[in-house]
2 protein chains.
Amino acid sequence: MGSKERIQRIKEETRSNILDAALQIVREDGWQALSMRKIADKIEYTAPIIYEYFANKEGILFELTRIGHQLLLQDVRSAKAAQTEPDLQLEAIWMAYWNFAFSQTQLYQLMYGVDMVCCEQKKALPEAIASAKIINDTISELMVKPTPDMICRKYYTFWSIIHGLISINLLNKGTGDEMNQHILKDAIHGIINTIND
Amino acid sequence: MGSKERIQRIKEETRSNILDAALQIVREDGWQALSMRKIADKIEYTAPIIYEYFANKEGILFELTRIGHQLLLQDVRSAKAAQTEPDLQLEAIWMAYWNFAFSQTQLYQLMYGVDMVCCEQKKALPEAIASAKIINDTISELMVKPTPDMICRKYYTFWSIIHGLISINLLNKGTGDEMNQHILKDAIHGIINTIND
DNA sequence: TACATTTGCTTAACGCTGTTAAATAGTTTA
DNA sequence: TAAACTATTTAACAGCGTTAAGCAAATGTA
């Protein structure tokens, strides 16, 4: 009778289990180790079951990308809220990106990896847009005469150097050591100081 | 009789054909389309033949990485040679990186892609080291009191922002449009101007 | 209660992947 | 001419993403 909701509930649970299992496999053995059959093994089903919850493997990756952007958005919001001055807010936000990349490396790789799929959709992800908006707003607050074009340019400059530093550190299997964190802070201050040029 | 050399020659030719075929496939349909059988088709052999020239697929990727670093090294050398002043040399070198990324996108993806294989070997590649040395020397010439530590830090800062900007542009399927080239030049000048801070 | 239908799940299969071993054809050597 | 060696292919294995068919258990209906 009233088991409609119960069924719905365990279905959502299974869907969540699939995502959890996928992430667990990737954390243990990297993206190249992820397969539908391994996910199925982990949730104690067989592979075809997964296709009742996701259209295909890319669908799972897309959902994980979304989860990643959700988590990052939370961190960005907290970072901004923890500071009052725009310059400190901006620094805190980029440090949040940095920390996210090394604490959630696999999600970061998926979200910003070069060859990873789901490129088109990413742009449209509301969580990603929300994070970008927070950053743009903070940059705007720092400018004496902000124009959309200048804000965008500064945003790209910031994002490039952070993403670049992170990439190099991830490539070198580093965990974001002190020297590079130093470089990051230097670069952030450099851009902030010349933000009105 | 004297066909030993001829055989050697056509063997080297086949090896080269394998690499050419691989690169051609990747240029046409992307990295995910590359397979041993497709390479074999293109050179009009069957797949197992390839294993007499390369240990495995990763061996091909490694060799392509090497070729990429060789080409880039040439560009870097030309860029430096075309200028006399260190600051202009440095700008020209980074522009060479930028142009390489968009003219040889597939090789660039292989050389610096996040999830691509051959990570450990890359650091040891002599061509990659040679390019890095040229850049470090040029940075050193720009400094009034260069120390290894500071040179390294500036190198990382440069490389991060260039690699970051390139990544974003490649992700957005862009071809390195004018605005981002503008950002790149701005950033380079910014770092050069504060190189002694 | 008996039959029909739907649901949940598995098995089997297709075409693809990288890779290896066995078989075959072709050329060289004795 | 017979034996040895070389070049190349065919066949196969295990794994991949994905789909279709089958089965078994639960549900709805008479």
Side-chain angles (χ1 to χ4, degrees), chain A residues 1-19 21-26 28-65 110 113 115-119 121, chain B residues 1-19 21-26 28-65 110 115-118 121:
Chain A
M1 300 289 212
S3 61
K4 268 281 180 67
E5 295 98 7
R6 188 180 55 90
I7 288 172
Q8 185 71 12
R9 185 155 38 80
I10 66 168
K11 278 217 168 189
E12 274 165 25
E13 203 170 293
T14 303
R15 193 188 134 93
S16 166
N17 285 344
I18 291 171
L19 295 171
L23 206 48
Q24 199 180 326
I25 291 165
V26 173
E28 278 164 11
D29 300 313
W31 281 106
Q32 125 261 76
L34 183 65
S35 83
M36 300 299 261
R37 286 176 174 88
K38 280 185 199 162
I39 295 174
D41 274 6
K42 201 142 243 173
I43 63 170
E44 296 186 301
Y45 276 109
T46 49
I49 281 291
I50 304 177
Y51 291 85
E52 294 186 9
Y53 297 87
F54 298 93
N56 46 33
K57 192 181 181 182
E58 198 176 338
I60 297 176
L61 298 188
F62 177 69
E63 195 55 33
L64 288 177
T65 313
L110 180 60
D115 75 334
M116 287 291 174
V117 235
C118 355
C119 281
Q121 302 111 314
Chain B
M1 301 291 206
S3 62
K4 269 281 179 67
E5 296 99 8
R6 188 180 55 90
I7 288 172
Q8 185 71 13
R9 186 154 36 80
I10 66 168
K11 278 217 167 189
E12 274 165 25
E13 203 171 292
T14 303
R15 193 188 133 93
S16 167
N17 285 344
I18 291 172
L19 295 171
L23 206 47
Q24 198 178 327
I25 292 165
V26 173
E28 278 165 10
D29 300 312
W31 282 106
Q32 123 262 78
L34 183 66
S35 83
M36 301 299 261
R37 285 175 175 87
K38 280 185 198 162
I39 295 174
D41 273 6
K42 201 142 243 172
I43 63 169
E44 296 186 300
Y45 276 109
T46 49
I49 282 291
I50 304 178
Y51 291 87
E52 294 186 9
Y53 296 89
F54 297 93
N56 46 34
K57 191 180 183 183
E58 198 176 338
I60 298 176
L61 298 188
F62 177 68
E63 195 55 34
L64 289 177
T65 312
L110 181 59
D115 73 335
M116 288 290 175
V117 234
C118 357
Q121 302 112 314

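So that the names make sense, note that chain A is the first sequence line, chain B the second, and so on, each numbered from 1.
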* Do the side chain of B/K57 and the main chain of B/M36 share a donor and acceptor less than 3.5 angstrom apart? -> no

* Asked: Among D/dA11, D/dA20, D/dG17, which nucleotide sits nearest the side chain of A/R37?
  -> D/dG17

* To do: Indicate yes or no for a side-chain donor-acceptor contact from B/S16 to the backbone of B/E12 under 3.5 Å, with no hydrogens or angles considered.
  => no

* Describe the nucleic acid contact of A/L34 in one word from base, sugar-phosphate, nothing, applying a heavy-atom distance below 4.0 Å. => sugar-phosphate

* Could you tell me the separation between the OH atom of A/Y53 and the CD1 atom of A/I43, rounded to the nearest 0.5 Å? => 7.5 Å

* To do: Grab the CG-P distance between A/D41 and D/dG15 for me, whole Å please.
  => 11 Å

* Start at the 5' end of DNA chain D and walk down; is the nucleotide closest to A/S35 or to A/A55 reached first? -> A/S35

* To do: Report the nucleotide, chosen from C/dT19, D/dT9, C/dA12, that has the shortest atom-to-atom distance to any side-chain atom of A/P48.
  => C/dA12

* Quick one: which of C/dT19, D/dG17, D/dA20 gets closest to the side chain of B/Y51? -> C/dT19

* Just do the side chain to side chain contact (heavy atoms under 4.5 Å, CB included) check on B/V26 and B/L110 with the steps written out, would you? => CA-CA 11 Å; B/V26 173; B/L110 181 59; over 6 Å; no

* Asked: Does B/E28 come within less than 4.0 Å of B/K38, counting only side-chain N to carboxylate O?
  -> no

* What integer distance in Å separates A/D29:CG from D/dG15:C1'? -> 15 Å

* Asked: For A/W31 and D/dC16, what is the distance between atoms CH2 and C1' respectively, to the nearest whole Å?
  -> 17 Å

* Asked: What distance separates A/I25 CD1 from A/W31 CH2, expressed to the nearest 0.5 Å?
  -> 10.5 Å

* Asked: So what does B/I10 touch, heavy atoms closer than 4.0 Å: a base, only the sugar-phosphate, or nothing?
  -> nothing

* **Flag side-chain contact, heavy atom, 4.5 Å: A/L19 against A/L23** => no

* Asked: Separation of B/Q32 atom CD from C/dC16 atom P, in whole Å?
  -> 15 Å

* Between D/dG17 atom P and A/L61 atom CG, what is the distance in whole Å? -> 10 Å

* **Length of the CE-C1' vector between B/M36 and C/dT17, whole Å** => 11 Å

Under-3.5 Å N/O pairs linking protein and nucleotides 5-9 of chain C:
| from | atom 1 | to | atom 2 | distance (Å) |
| --- | --- | --- | --- | --- |
| C/dC9 | OP1 | A/Y45 | OH | 2.9 |

